[in-house]
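Remarks on the structure that follows.
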Amino acid sequence: MWDSLQFRFGVSYILVIVGVLLLLNTYPLLASEDLVFRSKTATMQSGISVMINSLSGLDRLTEENVANAMAITQETTFSRIMVTDSAGLVLYDSRETGSVVGDYALFAEIVQALMGLDASSCTYQGGAFRSRAASPVLYQNQIIGAVYAYEYDTEQAALLSDLQSNLLRISAVTGAVVMVLSLILSKALTQKIGLLLTAIREVREGAYSHRAEIRGRDEIAQIGEEFNSLTDRLQTTETARRRFVSDASHELKTPLAAIRLLSDSILQTESIDLDTTREFVSDIGREAERLSRITEDLLRLTRLDNGILEPMTEVDVLPVLEQVMRMMSLVAQEKGVDLTYSAAEGCTVLATKDEIHQVIYNLTDNAVKYSAAGGFVQVSLALDEEQVVLTVADNGVGIPEADLPRIFERFYRVDKARSRAAGGTGLGLSIVSDTVKRRGGTVEAANRPDGGSLFTVRWPRLSRAEGGNSL
Ligand code: ADP
């Protein structure tokens, strides 16, 4: 529980609220109290100075002359007024019951006044303001006594306590509202995070179709959307991986089954003649060759998938093209297909010779494979602004429009039987596409208007200056 986000959010909200409410309940009260203290001190001081004025001119203070002077002054705002002589003996006390006339009143303020200072103090306690002040009475610069005043005020204290209880009420309501709101907010927040966590766990366990359904447009909802699109990609990759594994096993199973069947036939046929045995063994050899072609192609694709690339160098495409054409011309001749090519000089790209060879070979091999006797295959190599463009055109069977977008997929074939009969693995075009893309190029397939297909490969062209720098 201590580690949960909801708890931490809740506690921090509450701490902030408590802090704010404490401030709200103390600062205004302290400030108002201070204000009252100041005004009280000023009133007391001015009241006392009026009384001192009325005593001025007396060379000595006695009970009679002080009483006379006080009667004239008629100062009534104070709760108690006392006048003492220079020794602190009380000569006048406005309080009738409990009068201390004739006694010494050595209050702190009186002692200070008899020392020649103006003294005052104010306290707020038990619902009342208690203010005290005293000042010396002088005659020819001699201290002849002191005037002391005391005020007990409950009126302003009542105002202050009203303010206090109002603040308390406001604080209670605000605190309750904010706490409920923070509870709702933190719950909503942690609920969303909970949904996200559940989705992550589900997907981790392999439920790739699970989606995080988070409402709203806040950051967590955005994380949810990002997570969903990540899961989409994961699902697509996973589906492709499963299909690839199943297709690959199927492709490997077919030649293996044929080998098994052929070898069983040799073993189980009694008195099998030499010619039939030779024929079967040659079939076994052909199937084994197919197996090794498939595994070679699979390994090549795995290397491309893992990003294992040979270091690229500056490759002039023309000599590689000529080499492939020499190789393929025999195959084409055998099939009765007319293979021609045209090429421009200076077609240099950043790749490896093997990669270029593989791409030209796979495309030309396909073009010859899917052409009938009497057909033609035209290969051209040209420069187009910043690109090196290779096209392979034939007037063979062509590719149905619906299949065009899929022919670069692994093991995708338009006509499975035809491809197998021609010795195809269904991986040639995937290898072409992955190899070209890894070096920043593109490959497209199209049908020619007058029959047959057209493959176009574009590599970024390596200019002279670039070549010098990158090698
Ligand atoms: P395969 O080993 O079957 O040739 P590829 O990946 O090289 O595999 O090609 C995939 C499919 O695309 C082929 O099975 C074939 O149906 C089609 N295809 C490729 N090249 C051509 C072409 N030049 N003419 C007609 N169809 C082609």
Side-chain angles (χ1 to χ4, degrees), residues 240 243-244 247-255 258 286-287 289-305 321 324-325 327-329 331-332 335-341 355-380 389-438 441-457:
R243 204 177 59 214
F244 181 65
D247 286 351
S249 341
H250 185 74
E251 289 298 325
L252 293 171
K253 219 170 70 186
T254 319
R286 217 179 36 245
E287 291 302 326
E289 208 177 288
R290 197 143 85 90
L291 267 180
S292 81
R293 261 202 316 274
I294 297 174
T295 44
E296 251 172 51
D297 280 358
L298 282 175
L299 279 174
R300 196 164 282 134
L301 276 172
T302 314
R303 275 202 297 273
L304 282 166
D305 278 350
L321 173 73
V324 179
M325 289 303 114
M327 236 171 92
M328 286 305 300
S329 63
V331 185
K335 214 181 158 185
V337 173
D338 180 29
L339 172 65
T340 53
Y341 74 94
E355 286 169 13
I356 304 288
H357 187 280
Q358 185 82 51
V359 169
I360 304 176
Y361 175 83
N362 283 9
L363 292 178
T364 316
D365 183 50
N366 273 353
V368 174
K369 224 161 50 179
Y370 299 106
S371 288
F376 68 79
V377 173
Q378 289 167 344
V379 182
S380 106
V389 185
L390 172 86
T391 58
V392 180
D394 64 62
N395 65 342
V397 293
I399 303 159
E401 287 295 322
D403 294 297
L404 271 178
R406 299 195 60 190
I407 53 163
F408 292 102
E409 287 176 19
R410 292 163 189 200
F411 295 115
Y412 191 82
R413 293 142 153 161
V414 176
D415 181 345
K416 274 196 175 39
R418 191 187 187 122
S419 157
R420 284 220 181 89
T425 60
L427 296 171
L429 285 184
S430 316
I431 293 174
V432 168
S433 160
D434 287 9
T435 311
V436 171
K437 282 182 189 159
R438 285 268 170 198
T442 59
V443 56
E444 283 164 28
N447 279 313
R448 294 175 59 247
D450 40 357
S453 50
L454 170 71
F455 285 84
T456 311
V457 178

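Treat the numbers as computed from the prediction; the structure is a model and nothing was measured. Order of appearance sets the numbers: ligands from 1, and atoms from 1 within every ligand.
Remark: ligand 1 atoms within the under-4.0 Å shell around heavy atoms of Val397 are 25 (C). The contact set between ligand 1 and Gly426, taken as ligand atoms under 4.0 Å from a residue heavy atom, comprises 1 (P), 2 (O), 3 (O), 6 (O), 8 (O). Short contacts between ligand 1 and Gly428, defined as distances under 4.0 Å to a heavy atom of the residue, involve ligand atoms 5 (P), 6 (O), 7 (O). Residue-ligand proximity, Gly398 to ligand 1, at heavy-atom distances under 4.0 Å covers atoms 25 (C), 26 (N). Those atoms of ligand 1 that come under 4.0 Å of a heavy atom in Ala367, given as number and element, are 23 (N). Within ligand 1, the atoms closer than 4.0 Å to a non-hydrogen atom of Thr425 are 2 (O), numbered from 1 in the order shown.
We find that Arg290 and Glu287 are joined by a salt bridge, their nearest charged nitrogen and carboxylate oxygen being less than 4.0 Å apart. No salt bridge links Glu355 with Arg300; every basic N to acidic carboxylate O contact stays at or beyond 4.0 Å.
Judged by distance alone, the side chain of Lys335 and the main-chain N or O of Lys369 form a donor-acceptor pair under 3.5 Å. With Thr364 contributing its side chain and Ile360 its backbone, the two residues share a donor-acceptor pair below 3.5 Å. Side chain of Asn447 to main chain of Ile399: a donor-acceptor pair is present (N/O by atom type, distance under 3.5 Å, no hydrogens or angles). At least one donor-acceptor pair closer than 3.5 Å links the side chain of Thr302 to the backbone N or O of Leu298.
Of the polar atoms of Leu429, at least one N or O is found under 3.5 Å from an N or O of ligand 1, judged by distance alone. Ligand 1 has no N or O atom lying under 3.5 Å from any N or O atom of Ser430, backbone or side chain. Considering backbone and side-chain N/O atoms, Val414 comes within less than 3.5 Å of an N/O atom of ligand 1. Between Ile399 and ligand 1, no pair of N/O atoms sits closer than 3.5 Å.
Nearest protein heavy-atom neighbour of atom 13 (C) of ligand 1: Tyr370 OH, 3.4 Å. Looking from atom 7 (O) of ligand 1 to the surrounding protein, the closest heavy atom is Asn366 ND2, 2.8 Å. For atom 12 (O) of ligand 1, the nearest non-hydrogen atom of the protein is Ile407 CG2, 3.7 Å. Of the protein's heavy atoms, Asp394 OD2, 3.0 Å lies nearest to atom 23 (N) of ligand 1. Remark: minimum distance from atom 3 (O) of ligand 1 to any protein heavy atom is reached at Ser419 OG, 2.6 Å. Of the protein's non-hydrogen atoms, Tyr412 O, 3.3 Å is the one closest to atom 10 (C) of ligand 1.
Phe408 pairs by the ring pair (Phe, Tyr, Trp, His ring centres under 6.0 Å) definition with nothing, not counting sequence neighbours.
Within 6.0 Å of the CZ atom in Phe376, the count of heavy atoms belonging to other residues, nucleotides or ligands exceeds 12.
Taking a 4.0 Å cut-off on heavy atoms, Phe455 registers as neighbouring ligand 1. Using a 4.0 Å cutoff on heavy atoms, Lys369 counts as a contact of ligand 1.
Contacts of Asn362 with ligand 1, taken as heavy-atom pairs under 4.0 Å, are absent altogether.
The closest non-hydrogen atom to atom 22 (C) of ligand 1, taken over Gly396, Ser371, Ser453, Pro400, comes from Ser453.
Neither side chain, Asn395 nor Ser371, offers a donor N or O lying under 3.5 Å from an acceptor on the other. Side-chain contact check for Asp297 and Thr425: at least one donor-acceptor pair (N or O, by modelled atom type) lies under 3.5 Å. Using modelled atom types and a 3.5 Å distance limit, the side chains of Thr391 and Thr456 yield no donor-acceptor pair.
Counting only residues at least two apart or on different chains, the salt bridge (Lys or Arg N to Asp or Glu O under 4.0 Å) pairs with a member in residues 403-412 are Arg243-Glu409, Asp305-Arg410, Arg406-Glu409, Arg410-Asp434.
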